[in-house]
Amino acid sequence: MNINATLFGQAITFAILIWFTMKFVWPPLVAALDERARKIAEGLEAAERGKQDLAKAETRSQEALTEAKAKAAEIIALSEKRGQEIVREARDEAVAEAERVKVQARAEMEQEVMKARETLRNRVADLAVAGAEKILRREINPQSHADLLTALQAEL
Amino acid sequence: MSESAGLTSSEYIHHHLTNLVSGHGFWSFDVDTVITSALLGILVFGFMAKVAAKATSGVPGRVQAAVEILLEMVQTQVRDTFHGESGIVGPLALTIFVWVFALNTMDLLPVDLVPLIMGSAGVEHWKVVPTTDPNQTFAMSLTVFFLIIFYNIKVKKASGFAHEVFTVPFGAKMAPFNFLFRLIEDLAKPVSLALRLFGNMYAGEMVFILIALLPPYLQWVLGAPWAIFHILIITLQAFIFMILTIIYLSMAHESHG
């Protein structure tokens, strides 16, 4: 066991190796490790966020579905009501039209009846005058008895 | 054991445990320790720097994952023990663990392999495990010691450090005793760090050499279990050196009272 100047030589070598490790070995590796740890942390966070987003989207889609169903039911109900309204309106219109046609027909009929009666009256008056003329050929002057005949005509 | 060399057992052991020294007296260098540790340092730290340069924060390859596991092990130890703010403790701990582990691993090479290769190249000695050289272990532990002193002064300021040295644990009236206690306590740190590692590796290497003295057909009986056990020892010693360094630096950052 002899101590000699190798002591200093090896101390210098040791110091150089420490410096070398401090400069070229330790920092890049620690930086890489820290960076990887950060990446992993970010990845885990992103996964967690993705999971939450998915859950949120599911809730949203469920809500949209429910809303759409409600709206569809509303529309169906509305259209049914409208359909019934249309049918009722059509019926009312038809009834009104029928009534109108009936009234018109009755008016025309009455007019016809009036006309026929007029004609008949004239005809009866003529016949009566003709009959009376035949019966009373001699005594009756149509001009002098025109008043009488007109009164008779009005009575028919 | 190289029978052809015609060495006795004690000569063989002595040969294998002698450093290749260049120079005389204190100002000499253990060339084998310097070169082996430098080559291993360049190899291992160069490899890690290459991996670090290409490191991706995405999906890592197998090599990057392996280096990351190592770094995270060190980082966990530092985080669990060291609560101060310092950019050096992590890299320092990683450097210690990786370098000591690499140097210790040389223990698993067959004891005759490197001396044989170097011997054929005309080099007389080549102790291939740098951590069996106390110069190596003391170089590291004294560096750690100076870092301890540096951070004591940096964190507590010179006055705070001096106050702690002279008043803990017995109070201001017993200042000389406090100082003596502190001196022993702090000096014990580098000495124990260095001698623990050196002792373990030296003893381990010694056992490998003794096993190599057995007849070749018997060597595996002891050699295999000892080598497998030694995988644990080299890792454990590297880990202990690292963890104690972290603890000592953590203590330097905290006030003793």
Side-chain angles (χ1 to χ4, degrees), chain A residues 1-69 71, chain B residues 19 21-31 33-34 37-38 41-42 44-60 64 67-68 70-72 74-75 87-88 90-96 98-99 130 133-140 142-144 146-147 198 202:
Chain A
M1 203 179 137
N2 42 352
I3 295 291
N4 58 27
T6 312
L7 193 65
F8 301 127
Q10 292 310 91
I12 291 167
T13 309
F14 185 40
I16 291 170
L17 288 180
I18 294 168
W19 168 80
F20 186 81
T21 307
M22 270 181 85
K23 193 146 178 68
F24 298 110
V25 178
W26 188 269
L29 282 172
V30 169
L33 287 172
D34 289 351
E35 171 75 9
R36 188 179 310 137
R38 196 180 60 73
K39 274 187 189 169
I40 290 170
E42 270 176 11
L44 289 176
E45 200 183 318
E48 191 58 39
R49 222 171 24 232
K51 219 190 283 176
Q52 281 172 4
D53 283 355
L54 182 65
K56 240 183 263 173
E58 260 169 16
T59 315
R60 254 203 319 272
S61 72
Q62 200 60 45
E63 273 169 13
L65 196 64
T66 314
E67 199 177 318
K69 269 183 187 163
K71 204 166 267 179
Chain B
N19 282 109
V21 182
S22 161
H24 295 287
F26 179 75
W27 289 104
S28 56
F29 288 94
D30 298 343
V31 179
T33 299
V34 172
S37 64
I42 291 166
V44 175
F45 288 91
F47 168 74
M48 289 206 300
K50 203 177 150 219
V51 173
K54 287 192 300 182
T56 167
S57 61
V59 180
Q64 192 191 330
V67 176
E68 279 176 7
L70 182 66
L71 183 128
E72 286 192 315
V74 174
Q75 213 175 18
I88 198 179
L92 173 68
L94 182 66
T95 310
I96 288 172
V98 169
W99 203 31
D133 183 349
N135 288 305
Q136 172 67 37
T137 59
F138 271 104
M140 297 179 78
L142 287 175
T143 309
V144 170
F146 284 116
L147 281 173
F198 164 71
Y202 191 85

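Reminder, nothing fancy here: chain letters follow the sequence lines and each chain counts from 1. Everything quoted here is computed from the prediction, not taken from an experiment.
No side-chain donor-acceptor contact under 3.5 Å links Thr6(A) and Gln136(B).
Put simply, of Leu142(B), Asn19(B), Ile88(B), Val31(B), the one with the most heavy-atom pairs under 4.5 Å next to chain A is Ile88(B). When the candidates Pro60(B), Gly25(B), Ala38(B), Ser37(B) are compared by the number of heavy-atom contacts under 4.5 Å with chain A, Pro60(B) comes out ahead. Note: Thr95(B) leads Val34(B), Leu92(B), Thr95(B) in heavy-atom pairs under 4.5 Å with chain A. Interface check for chain A: of the options Gly90(B), Ser57(B), Ala55(B), the most heavy-atom pairs under 4.5 Å are formed by Ser57(B). Looking only at heavy-atom pairs under 4.5 Å with chain A, the residue among Leu94(B), Val51(B), Val98(B) that has the most is Leu94(B).
For a residue to count as touching a neighbouring chain, one of its non-hydrogen atoms must lie under 4.5 Å from one of that chain's; by this rule Leu33(A) touches chain B with the side chain only. Residue contact with chain B, scored on non-hydrogen atoms closer than 4.5 Å, involves the backbone and the side chain of Phe14(A) alike. Proximity to chain A (any heavy atom under 4.5 Å) is shown, for Trp27(B), by both the backbone and the side chain. Only the backbone of Thr56(B) comes within less than 4.5 Å of a heavy atom of chain A; no side-chain atom from C-beta onward does.
Asp30(B) places no side-chain N or O within 3.5 Å of a backbone atom of Ala5(A) that could act as its donor or acceptor partner.
Two residues are said to be in side-chain contact when any heavy atoms from C-beta on lie closer than 4.5 Å; Phe24(A) and Phe45(B) fail this criterion. Residues Asn4(A) and Phe29(B) are not in side-chain contact: their nearest non-hydrogen atoms beyond the backbone lie 4.5 Å or more apart. Considering only heavy atoms from C-beta on, Glu68(B) comes within 4.5 Å of Arg36(A) through its side chain.
Glu35(A) and Arg38(A) are joined by a salt bridge, as a carboxylate oxygen and a charged side-chain nitrogen come within less than 4.0 angstrom of each other.
Annotation for Ala11(A) and Ala139(B): closest pair N-CB, 3.5 Å, computed over non-hydrogen atoms.
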